[in-house]
Amino acid sequence: MLEADIRLHLSRLDLAADFSAGPGEVVALLGPNGVGKSTVLRALAGLLRLAGGRIELDGTVLDQPAGHVFVPPEQRAVALMYQDYLLFPHLSALENVAFGLRARGQDRRAARAAAAAELDRLGVGGVAAARPGAMSGGQQRAALARALITEPRLLLLDEPLAALDVSTKAEVRRLLRGALPGTRAAHLLVTHDLLDAVALADRMLVLEHGTIVQTGTPAEVTARPRSGYVADLTGVTLLRGTAAGPRLRVEGDAELVTTAGLTGPVLAVVPPGAVAVHRERPETAGANLWRGEIGAVDLLGDRVRVRVEGPVAVTAEVPPAAVTGLRLDDGGPLWASIDPAAITVYR
């Protein structure tokens, strides 16, 4: 079991993160650039000393400034897989994977045999003799084999899919989804890609402003975002306001009607597909109708996202044909409406 109470005070960053992870569990750490995700990994790996707090792995304290305890990186049962893999360019895939075992004193023959078995298990036994620069694919699997061969109790994955093209990313995502839960290690995955977190993680941690602002299963976090960053990741509009039964007064003093019965400060989520847009005021006006202005218009696959600025700023989703039909590229005024039942309200 990994238990981490990480407190760091650096020249450009104050960071406090308290979390745990169990054997076989995959925990994804997400957050905007520069909030300290990679700093957390470096602290866990022993590449950065804590300024306060504690890191404990399987009952052994690895770093605790108050107790003057610090276990150096090479003595930790921790493996780190970087996004650019950092395979030794002068060694073959087999020797790269065997390196960790050799560094721990295992004889060359046994280390090579174990490395060959690990490469075979991950489906890249055919690249065993190749050096990283000569591999036509397989570098990520070789890097994963090198990370797993020493049977770490904690595996740190730093954006392992970031540098891959779409098809390769899907393949490696399937590889990780199959390989990680079968190990005895706890896994911490740093990523900025929501799909990676949803596909691979049992639990998500959202790091913002130097602290963890939301945690839960991927379904829990995406269904009820608590920050604009998470809302942007999921593509929904997050509103903050005060509820009084079905009435919701949002920032800017506008009012919406919902089907919720809460009172007091709340959060509300509006899916983009629930926002209807019109160039002219519709004749049959519903409970939630207002006039706004066209903001950004972005093509996302087979749908178009339209930002409607106004008393309630929301994002709508329309088919590409609507760009021409509604003259969205021309900008200007736009009417927006939302079915009250489509608004999710929660504390």
Test side-chain contact (heavy atoms from CB on, under 4.5 Å) on V318 and L328 and set out the steps.
CA-CA 11 Å; V318 299; L328 296 179; 4.1 Å; yes
Within 45 degrees of the axis of the six-membered ring of F70 and under 6.0 Å from its centre: does R76 put its NZ or CZ there?
yes
Cation over ring, R146 on F88, under 6.0 Å and within 45°?
yes
Let me have the donor-acceptor pairs involving side chains of residues 296-306, under 3.5 Å, with sequence neighbours excluded, atom names and distances please.
unit_1: R305; atom_1: NE; unit_2: E317; atom_2: OE2; d: 2.8
unit_1: R305; atom_1: NH2; unit_2: E317; atom_2: OE2; d: 3.1

Distance-only, no hydrogens or angles: does the [X] side chain make a donor-acceptor pair with backbone N or O of [Y] under 3.5 Å?
X: R347; Y: T263; result: yes
X: K169; Y: A162; result: no
X: R141; Y: A145; result: no

Pairing donors with acceptors under 3.5 angstrom, does anything connect the side chains of [X] and [Y]?
X: S92; Y: R131; result: no
X: S227; Y: E208; result: yes
X: E25; Y: H187; result: no

Rounded at 0.5 Å granularity, tell me how far [atom1] in [X] sits from [atom2] in [Y].
X: R7; Y: T211; atom1: CZ; atom2: OG1; result: 8.0 Å
X: L8; Y: L50; atom1: CG; atom2: CG; result: 5.5 Å
X: S38; Y: L48; atom1: OG; atom2: CG; result: 11.5 Å
X: L238; Y: T344; atom1: CG; atom2: OG1; result: 11.0 Å

Using every non-hydrogen atom in the two residues, find where R108 and R102 come nearest and quote the distance to one decimal.
N-NH1, 3.3 Å
Taking everything shown except [X] itself, do over 12 heavy atoms lie less than 6.0 Å from its [atom1]?
X: H209; atom1: NE2; answer: no
X: D330; atom1: CG; answer: yes
X: R49; atom1: CZ; answer: no
X: F19; atom1: CZ; answer: yes
X: E280; atom1: CD; answer: no

So do R121 and L148 actually touch side chain to side chain, heavy atoms under 4.5 Å?
yes
Salt bridge [X]-[Y], side-chain N to carboxylate O under 4.0 Å:
X: R54; Y: E3; answer: yes
X: E171; Y: R174; answer: no
X: R327; Y: D329; answer: no

Hydrophobic side-chain clustering at under 4.5 Å (ILVMFWY, transitive links): who's grouped with V206? Put none if nobody.
L30, L194, V198, M204, V213, V221, Y229, V230, L233
May I have the step-by-step check of side-chain contact (heavy atoms from CB on, under 4.5 Å) for L144 and M81, ending in yes or no?
CA-CA 7 Å; L144 180 60; M81 180 178 170; 4.0 Å; yes
